[in-house]
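Inspection log for the structure reproduced underneath, given as structure tokens.
Below, each value reflects all heavy atoms present in this structure, side chains not excepted, and no hydrogens, waters or symmetry copies.
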Amino acid sequence: MNVQRIIVRTPEGGIDEFTFNARSIVIGKDDGCDIVIKGWSIGKQHAEIRFTEEGAHIHSRNALVGIGVNGIRIKEYGPLLSKDEIQLAGYSMFVLAGKEGEGKADDAPKRDFTSAIIASPLPAMSAPILAPEAAFDRGRAAIDASTPAPASGKPPASEKAVSLEEAAAREAQEPQQDHYMEWRCKVHGALLKMMDVRRTDITKMSEGELETATRLMIDVVLESLSGIPERIDRKILAEQVLHEAIGLGPLEPLLSDESVTEVMVNAYDQIFVERAGKITRSDVFFSSDKAVLSAIERIVSPLGRKIDESSPLVDARLKDGSRVNAVIPPLALKGPCITIRKFAKYRLYGEDLIKFGTLNEDMLEFLSFSVRQAQNIVISGGTGSGKTTLLNILSNFIPNTDRIVTVEDAAELRLHQPNLVSLEAKPPNSEGKGAIPIRELVKNCLRMRPDRIVVGECRGGEALDMLQAMNTGHDGSLTTGHANSARDMLSRLEVMVLMAGMDLPVTAIREQIASAVNLIVQQTRFKCGSRKITSITEVTGVEGGRIQLQDIFTYVRDGYEPDGKIRGHFSATGAVPEFLEELRRAGVKTPSLKIFEATGQND
């Protein structure tokens, strides 16, 4: 039988090599596994590598956490090439099969291959991988997985690779029974009683002290309980109770999963997630409505906000900036609801938008130039179309020499300029007083000597103040709004100005809009989940009482791929922006006019 080699790379960059003389290798946290990985998210027998005449095949035995190959979450995959990266618990594994450790024809020699692994950086992975803390011991990896690590990579070319959407769809059709639910409720209830008996004052504890004290009490509770079935892993149970007691319960692994972009709790036992633009039902759930309410309170309390029957809905954010909306009864009929819009843990750049297919190089060059040259831009789009993400990226093109003031309902923007002031609206207190809406903040920021004003989203009367700011020396300001097209965005602006309570004629409002707004960037989220800038439109003035627009770039749809993905191309319309001509006459170096030539197809 051929000797099988597996090379393992640790998150710290260390390399270990293991050899096996077997037809299959089991990976998991059970001590009887060939490669042992310890962690509450790892199954006892998490995955298996089988060796056949075709080559090595890996099979996932864990439907909830799964494994990744080259950044794609898979059920099974093979045959594995030496360059295929198996991703689990923050570690990378490479299989080199063959006589005396020699791989296939495409494998490099052992010495060169190992050094190549050491030299290559850890990828940013999209599969849910948990980072470890421990080392290997004699022929086995003893790994303690505890924190999430990102995942990335290109999809495997093999036909047996299962895409993220397919894996999620299959798991939605085969929901896993939560054997821990009953015991999680018992342990959690006993924990609360113990805290009450000991008169534990958690308000005076730091986060670290609270976690340590809670872990100790959970251990005591578990020792005192009898009858826990063997199939229940006490470590997993302890972690679940800890998360539900002082964290966000079953949402913790979902928030750690880099492939999840949105988490939606419809009821305590109905949790949905969005991955790659597709919504599927998760296998995890809370133990009760009370547990959901406790999680909401842990989110809003540090922000000085509250939620109760008198104020049954709230907007908030997590520590990483992710947006949170919560609604409780009597408004929510099925029980407390939570919606979490996650943000990437790493900074996005314009090049990322090109990689995602949101725009092309010419459009990015034009938008970055427009921001640097202080053009007023409104980003328009529907819910979840990526307006805030685009606003974040465009805002970072503002020169470091400018003073920026941001105004938001709930702080989401992440700007990196040195001269930056961030303002956040304040909700009313328990007596219904003390609210400071966005409009008041926009008015106030005019007194703060800003060069640029960035408003997270215009929803009402603040649109009038924003337009006035754009017209009175605060060029280069940016904001977003909900609309399905550039023309619809203009109508929305008119309505929002009227919401300010000023009895202004429509003609005057349109004149204000036409002189204030230079560009409208329309972003669209298609049914397949992809997000694209479908038009970049210039506002050219008012003629015959109607605001005149001209498209500079558009997205032309060509149809759909077999997998349902939208197919199309970005194209310049041939129109050259009027403000560009003015800048050229003023001696400003502008982008080449070639990027505005209508070429029919411009990928």
Given T524 and T534, is the side-chain hydrogen bond (donor to acceptor under 3.5 Å, both in side chains) satisfied, shown in steps?
CA-CA 6 Å; T524 303; T534 50; 3.1 Å; yes
Please round to the nearest 0.5 Å and tell me the distance separating atom OG1 of T383 and atom NE2 of H482.
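The OG1 atom of T383 sits 3.5 Å away from the NE2 atom of H482.
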Verify the neighbour count for atom CD of E561: are there more than 12 heavy atoms of other residues, nucleotides or ligands below 6.0 Å?
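More than 12 heavy atoms, drawn from other residues, nucleotides or ligands, come within 6.0 Å of this atom.
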Taking CZ in R372 as the centre, count heavy atoms belonging to other residues, nucleotides or ligands within less than 6.0 Å. Is the count above 12?
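Yes, because the 6.0 Å sphere around CZ of R372 holds more than 12 heavy atoms from other groups.
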Between [Y] and [X], is there a salt bridge with N-O shorter than 4.0 Å?
X: D475; Y: R452; value: no
X: R317; Y: E424; value: yes
X: R403; Y: D451; value: no
X: K594; Y: E361; value: no

Side-chain donor or acceptor of [X] paired with backbone N/O of [Y] under 3.5 Å:
X: D551; Y: T537; answer: no
X: Q523; Y: S385; answer: yes
X: K532; Y: F526; answer: no
X: Q548; Y: R546; answer: yes
X: E538; Y: V576; answer: no
X: Y555; Y: G568; answer: yes
X: N376; Y: G476; answer: yes
X: D402; Y: I398; answer: no

Sequence neighbours excluded, which residues qualify as side chain to side chain donor-acceptor pair (under 3.5 Å) partners of [X]?
X: S515; answer: N471
X: T573; answer: none
X: R584; answer: T590

V371 side chain reached by S368 side chain, heavy atoms, under 4.5 Å
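Not in contact.
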With a 4.5 Å cut-off on side-chain heavy atoms, are L423 and T406 touching?
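In short, these two side chains do not touch, never coming nearer than 4.5 Å.
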Should the pair F579 and F369 be assigned to parallel (<30°), tilted (30 to 60°) or perpendicular (>60°) ring geometry?
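If you compare the ring of F579 with that of F369, the planes turn out parallel.
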Partner set under side-chain contact (heavy atoms from CB on, under 4.5 Å) for R439, not counting sequence neighbours
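For R439 the side-chain contact (heavy atoms from CB on, under 4.5 Å) partners, ignoring immediate neighbours, are K443, E462, L464, D465, A500.
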Using the test side-chain contact (heavy atoms from CB on, under 4.5 Å), find all partners of F356 that sit at least two apart in sequence or belong to another chain.
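Result, side-chain contact (heavy atoms from CB on, under 4.5 Å) vs F356: L348, D352, T358.
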Step-by-step side-chain hydrogen bond (donor to acceptor under 3.5 Å, both in side chains) determination, T261 to E274
CA-CA 6 Å; T261 55; E274 181 188 62; 2.7 Å; yes
Tell me the side-chain hydrogen bond (donor to acceptor under 3.5 Å, both in side chains) pairs involving residues 488-505, sequence neighbours left out?
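side-chain hydrogen bond (donor to acceptor under 3.5 Å, both in side chains) check on residues 488-505 returns S485-D488, E494-R510.
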